[in-house]
Amino acid sequence: MAWTNEDVAGQFAEIATLLKLSGADAFRVRAYERSAGAIGAAPVDLATLSTEEMAQLKGVGASTASKVAEYLTSGRIAMLEDLRAKVPAGLVELTRIPGLGPKTAVMLHGELGVDSVEALRTALDAGALRGLKGLGAKTETNLRASLERLGAKDTGRVPAADAIAIAEELCARLAVLPGVTAVAYAGSLRRMRETIGDVDLLAASRDPAPVMASLRESDLVERVLAAGEKKTSVVLRRGIQADLRVVDPDSWGAALVYFTGSKAHNIRIRERAVRRGLLLNEYGLLRRADDQAEAQGADRDAAGETEDDPVAGRTEAEVYAALGMAFVPPPLREDTGEVEAAAEGRLPRVVTLADIRGDLHAHSDWSGDGKTSLAELVAAAAARGHRYLAVTDHAEDLTMNGIDREGMRARRRAIAELADGAGIRILDGAELNIGIDGSVDYDLDFLLEFDFCVASVHTLFGRPEPEQTARILTAMRHPAVNVIGHPTGRKIGQRPGYEIDLDQLIEGAVATGTALEVNASPRRLDLSGDAVRRAVDGGALLTISCDAHSVGDLASMRYGVGTAQRGWATAAHVLNCRDLDGLLDAVNAKRGPGMRRVRA
DNA sequence: GCCGTTTTCGGCCCGACTGTTTTCAGTCG
């Protein structure tokens with residue numbers, strides 16, 4: 001059995017959870033959490049490393065490395081087995097109830113024998129919690145409410161695509177309030193994670209109360225969870241939780257860093273602050289008053305009440321600079337090496353929306369499922385500032401939506417008619433279907449008449465990994481196939497994607513000069529950020545394209561760029577960051593001698 | 001358990017809010 005890094009990381013995350021429930025030292029728990037994170041983010045397959053090499057990873061020591069080795073050879077970790085035997089299984093489940101943490105779970109188990117969500121429900125109904133120390137009437141009510149929410153569906157993470165519209169709406173409403181100088185959504189949404197647990201909103205104002213009140217009273221809010229002076233938490237109508245922090249404009253940058261996270265990134269940069277004799281919190285980067293007093297040799301009592309001295313805080317850039325680091329774009333803030341890289345000046349300049357020169361995957365209504373005319377699509381792409389657009393309608397093997405040869409020739413004439421006034425190069429393209437044997441639609445000569453082709457898997461998702469991988473590798477070798485569309489086939493929150501060997505795909509892409517798509521549709525984001533990072537490390541070329549089926553879909557480019565950023569991709573890794581000549585050079589390079597050239 | 005511009009031991013990020021508390025523990029992010 002070939003264990004993936006994710007499998008291994010999962011073992012250590014479980015150890016951390018179970019240790020917490022065993023009342024272990026909190027720092028030891030954190031060490032396991034950190035090692036799980038380090039393993040999950042490791043750039044190489046752990047199975048290829050020696051125990052000594054594993055212990056070189058930051059956050060992984062000799063103890064963890066030997067447990068990894070144990071797992072890789074035997075498929076088990078004795079310590080984890082012991083913990084599983086020792087900690088009642090239901091306790092982990094109990095801590096998933098909002099407001100109920102490990103301490104309370106252990107206490108409920110010890111006092112009442114509660115070992116599952118169901119048992120807690122029964123205990124509540126029997127009034128068994130009354131009289132337990134630290135648990136009053138209010139806690140009982142809150143637990144009931146939490147259980148009810150747990151009973152309702154979908155309390156977990158939701159696709160970011162489902163939250164971004166409501167986040168932007170809330171921001172827009174807060175931004176127009178008097179005294180509010182800035183508003184942003186932060187958290188995992190700003191980091192462009194593909195799913196989010198809640199919406200984090202940040203506002204700058206010297207008078208927080210009316211801003212808080214405005215959210216609490218919003219018609220988008222279903223329930224208020226917490227309402228303090230500096231922080232408000234609510235449940236929105238669609239079951240999504242939102243947290244609002246309001247800070248002084250002088251603290252905006254520090255608060256944005258704090259609220260954007262990730263938690264692991266924040267911990268790392270706060271440690272860095274501590275090592276420099278500073279304190280980093282959501283209000284600023286500060287030199288402590290007592291430290292100053294000591295530095296000046298003054299007596300602390302004589303110094304009296306002095307304020308902490310702000311070093312930075314108005315902007316994020318200021319905070320990072322004061323920590324001796326390059327600015328870290330939000331999607332990179334996951335503690336996967338970006339802190340060290342930013343400190344050592346080797347953080348790559350990741351691709352941005354401004355680097356994108358065109359879109360290489362779009363459908364017009366020539367495709368059965370396209371909703372926009374060719375002219376509208378081209379005009380919209382031009383309006384977005386694109387220099388070129390590959391219209392890649394479905395090819396004929398996709399029986400429902402595909403276009404046959406005559407249809408493609410007719411579409412080619414339609415493209416030619418539009419070409420002059422378009423103000424943008426329209427690439428005559430197609431989205432080909434990868435057959436079970438790796439073949440694609442039409443024939444070689446017909447395919448070489450296109451300017452640009454995407455090839456994608458649309459059928460037979462259930463094939464075993466070797467077969468699935470082989471069919472894509474075969475398609476890559478075709479001289480007219482320029483990019484593999486949505487390479488893993490996953491749909492966020494819907495289906496996991498087919499079984500493929502990504503490393504082989506990356507090697508094949510490099511060897512054949514075929515790009516791998518970062519499909520920017522927020523339902524797909526395929527490749528994922530993690531997969532992009534592996535592709536970048538492997539030297540593969542990417543495209544970032546919207547797979548638009550309507551004009552509005554062209555706006556999804558930012559999600560694709562965010563995903564590419566999460567994978568540390570630079571403009572140099574992305575084919576559609578090249579100008580038209582650069583793009584066509586790549587297309588022509590893939591074609592053999594004597595084959596038709598595509599001209600600008 | 002991990003780690004080092006306080007380096008092989010003694011620390012380990014920081015603050016808001018709630019509830020049950022007379023000064024704080026638990027939870028969350």
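Bear in mind that the values here come from a model prediction, so they are computed numbers and not experimental data.
Residue A/Glu229 qualifies as open at atom CD: its count of foreign heavy atoms under 6.0 Å is 12 or below.
Ring geometry for A/Tyr320 against A/Phe327 counts as perpendicular: the plane angle is over 60°, on a 0 to 90° scale with 30° as the lower cut.
For B/dC17, the paired base is B/dG26 (Watson-Crick or G-U wobble, both distances below 3.5 Å).
Between A/Asn266 and B/dC14 there is no side-chain polar atom (N or O) within less than 4.0 angstrom of OP1 or OP2. Within the 4.0 Å cut-off from OP1 or OP2 of B/dT20, at least one side-chain nitrogen or oxygen of A/Thr139 is found. Remark: A/Thr104 is in phosphate contact with B/dT27, judged by side-chain N or O atoms under 4.0 Å from OP1 or OP2. One finds a side-chain N or O of A/Lys230 lying less than 4.0 angstrom from the OP1 or OP2 phosphate oxygen of B/dA16. The phosphate of B/dC3 (OP1 or OP2) has no side-chain N or O of A/Arg34 nearer than 4.0 angstrom. Between A/Lys138 and B/dG19 there is a side-chain polar atom (N or O) within less than 4.0 angstrom of OP1 or OP2. OP1 or OP2 of B/dG1 has at least one side-chain nitrogen or oxygen of A/Arg28 nearer than 4.0 Å. Within the 4.0 Å cut-off from OP1 or OP2 of B/dC2, at least one side-chain nitrogen or oxygen of A/Thr64 is found.
As a whole-Å value, the separation of A/Tyr283 OH from B/dG15 P is 9 Å. With rounding to whole Å, A/Leu94 atom CG is found 17 Å from B/dG26 atom P. Atom C1' of nucleotide B/dG4 and atom CZ of A/Arg272 are separated by 14 Å, given to the nearest angstrom. Between the C1' atom of B/dC14 and the CG atom of A/Asn281 lies a distance of 7 Å, rounded to the nearest Å. If you measure from atom CD of A/Glu33 to atom P of B/dC13, you get 12 Å, rounded to the nearest angstrom. Atoms CG (A/Leu189) and P (B/dG29) sit 16 Å apart, rounded to a whole Å. Whole-Å rounding puts the A/Lys103 NZ to B/dT20 P distance at 18 Å.
Using atom P as the reference point in both B/dT8 and B/dC3, the two lie 15 Å apart (nearest Å). A gap of 14 Å separates the C1' atoms of B/dT27 and B/dT20, to the nearest Å.
Side-chain atoms of A/Asp198 lie closest to B/dG29 of the nucleotides B/dG1, B/dG29, B/dC14. Taking the side chain of A/Pro102 as heavy atoms from C-beta on, and the options B/dT27, B/dG1, B/dA16, the nearest nucleotide is B/dT27. Closest to the side chain of A/Tyr32, out of B/dG29, B/dG1, B/dT18, is B/dG1. If you check B/dT18, B/dA16, B/dG1 against the side chain of A/Asn142, the one that comes closest is B/dT18. Comparing B/dT18, B/dC2, B/dG4 by their closest approach to the side chain of A/Ser63 singles out B/dC2.
Atom CD1 of A/Ile269 sits about 12.5 Å away from atom OH of A/Tyr258, to the nearest 0.5 Å.
Between A/Arg144 and A/Glu140 there is a salt bridge, with a side-chain nitrogen of the basic residue lying less than 4.0 Å from a carboxylate oxygen of the acidic one.
Within the cation-pi definition used here (under 6.0 Å to the ring centroid, within 45° of the axis), A/Arg191 does not qualify as a partner of A/Tyr185.
Residues A/Leu120 and A/Leu100 are in side-chain contact: their nearest non-hydrogen atoms beyond the backbone lie under 4.5 Å apart.
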